[in-house]
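Quantities reported herein were computed from a predicted structural model and do not represent experimental measurements. Here is the naming used below: chain letters follow the sequence lines, and residue numbers restart at 1 for every chain.
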There are 2 protein chains.
Amino acid sequence: MGDVFKALADPSRRRILELLAGGDLSAGEIAAHFDMAKPSVSHHLAILRHARLITDERQGQSIIYHLNLTVLQELMKWFYDFGLLEGGSRHDKKD
Amino acid sequence: MGDVFKALADPSRRRILELLAGGDLSAGEIAAHFDMAKPSVSHHLAILRHARLITDERQGQSIIYHLNLTVLQELMKWFYDFGLLEGGSRHDKKD
DNA sequence: TTTATATTTAGTTAATCTTCTAAATATATG
DNA sequence: CATATATTTAGAAGATTAACTAAATATAAA
């Protein structure tokens, strides 16, 4: 779980997730949205993949990246447990 | 907003938030939950305060820390916008 | 098989982060 | 005022991170 938070700490990586929320993209298409060198983007993709925030799949010469909503949902639970919906139905973890 | 994600990237800081979710605590009480030196904890508190995830209030010799749910709620919105609730009512930001 | 395209891996450098100890500040009390 | 307690600030050391260039790998096509 700590890997997920660390992955989200970088603005470029958050931007990658936002791009993928709009649809699957190849590594090259993702890199085209940034000013940095391709190996740097590839490194960010590796960190996101390791945190399981994205999955990849080779298609010919390209590698297509997909957003993995499952991990984001687990993260939502972490926030939810702080009792963010006061007045509503609350979890009991921290009471 | 980037400050918030960076603040959450450290496990000690996330633990501090979880502790404060159980009720307000003084800096000393928070530090007592950790093995590290008090100045280190104080530094983490400063980062959380700068990200506005917590607020502080002096009470005599102690400084009491409170969790600030407002920023956590804004963060929830960021996650929500990825379309995490498929099938349900979705935001339109990324469509 | 040779060449071109797409992407990653390796290795390096500079910046940032976490932690520490020592010193400073603020408040309370004898 | 002097001393004790609570907390922060300052400065430094070591670890981690993000970026780059150059080289390697994998696929496709001539």
Side-chain angles (χ1 to χ4, degrees), chain A residues 1-20 22-68 71 75, chain B residues 1-68 71 75 78:
Chain A
M1 198 70 170
D3 288 334
V4 178
F5 283 103
K6 272 194 180 172
L8 292 172
D10 183 89
S12 300
R13 289 195 289 266
R14 291 196 301 275
R15 184 79 191 111
I16 289 174
L17 295 180
E18 289 172 352
L19 288 171
L20 291 177
D24 299 342
L25 293 170
S26 72
E29 288 170 327
I30 293 169
H33 283 85
F34 293 90
D35 283 336
M36 64 186 132
K38 278 174 189 173
S40 303
V41 175
S42 181
H43 178 239
H44 285 307
L45 289 170
I47 289 171
L48 289 170
R49 190 183 333 117
H50 183 250
R52 298 192 307 163
L53 281 160
I54 59 177
T55 58
D56 62 331
E57 165 205 10
R58 178 174 281 277
Q59 247 175 50
Q61 319 181 55
S62 303
I63 295 181
I64 309 296
Y65 282 94
H66 318 273
L67 188 62
N68 179 18
V71 176
L75 211 53
Chain B
M1 198 67 171
D3 288 334
V4 178
F5 282 103
K6 272 196 179 169
L8 291 172
D10 183 87
S12 300
R13 288 195 289 267
R14 290 197 300 276
R15 184 78 190 112
I16 290 174
L17 295 180
E18 289 172 352
L19 288 171
L20 291 177
D24 300 341
L25 293 171
S26 71
E29 288 169 329
I30 293 169
H33 283 83
F34 293 89
D35 283 336
M36 64 185 131
K38 278 175 190 173
S40 303
V41 175
S42 182
H43 179 237
H44 286 307
L45 290 170
I47 289 171
L48 290 169
R49 191 185 331 116
H50 182 249
R52 298 192 308 162
L53 281 162
I54 58 177
T55 57
D56 63 331
E57 165 205 9
R58 179 173 279 277
Q59 246 175 52
Q61 317 181 55
S62 303
I63 294 181
I64 309 297
Y65 281 93
H66 318 273
L67 187 62
N68 179 18
V71 176
L75 211 53
W78 187 84

Does Arg49(A) reach the main-chain N or O of Ala51(A) with its side chain, forming a donor-acceptor pair under 3.5 Å?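 It does not hold such a pair.
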Arg13(B) side-chain N/O to Leu8(B) backbone N/O, donor-acceptor pair under 3.5 Å: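 The answer is no, because no donor-acceptor pair under 3.5 Å joins these two groups.
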Is any side-chain nitrogen or oxygen of [X] closer than 4.0 Å to OP1 or OP2 of [N]?
X: Ser26(A); N: dT7(C); answer: yes
X: Tyr65(B); N: dA6(D); answer: no
X: Ser42(B); N: dT8(D); answer: yes

Would you mind reading off the distance between [X] atom [atom1] and [N] atom [atom2], rounded to a whole angstrom?
X: Gln61(B); N: dA28(C); atom1: CD; atom2: C1'; result: 5 Å
X: Lys6(B); N: dA18(D); atom1: NZ; atom2: C1'; result: 11 Å
X: Arg13(A); N: dA18(D); atom1: CZ; atom2: C1'; result: 8 Å
X: Gln59(B); N: dA26(C); atom1: CD; atom2: C1'; result: 15 Å
X: Met36(A); N: dT17(D); atom1: CE; atom2: P; result: 16 Å
X: Asp10(B); N: dT18(C); atom1: CG; atom2: P; result: 5 Å
X: Phe34(A); N: dA18(D); atom1: CZ; atom2: P; result: 13 Å
X: Lys38(B); N: dA6(D); atom1: NZ; atom2: P; result: 7 Å

Among the candidates [options], find the nucleotide nearest to the side-chain atoms of [X].
X: Ile47(B); options: dT9(C), dT18(C), dA18(D); value: dT18(C)
X: Pro39(B); options: dT8(C), dA6(C), dT21(C); value: dT21(C)
X: Ala27(A); options: dA26(C), dT8(C), dA19(D); value: dT8(C)

Value rounded to 0.5 Å, distance of CG in Leu67(B) from CG in Leu53(B):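 Result: 7.5 Å between the selected atoms.
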Would you compute the distance between atom NE2 of His44(B) and atom CE of Met36(B) and round it to the nearest 0.5 angstrom?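 With rounding to 0.5 Å, NE2 (His44(B)) is 4.0 Å from CE (Met36(B)).
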Quick check: are there more than 12 heavy atoms from other residues, nucleotides or ligands sitting under 6.0 Å from NE2 of His50(B)?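 No - once you tally the heavy atoms of other residues, nucleotides and ligands closer than 6.0 Å, there are 12 at most.
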Check every strand shown and say whether [X] touches a base, only sugar-phosphate, or nothing at a heavy-atom separation below 4.0 Å.
X: Ser40(B); answer: base
X: Ala37(B); answer: base
X: His44(A); answer: sugar-phosphate
X: Ile30(B); answer: nothing

Which residue, Asp35(A) or Gly60(A), contacts DNA chain D at a nucleotide closer to its 5' end, judged by nearest heavy atom?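 Per heavy-atom nearest nucleotide, the more 5' residue is Asp35(A).
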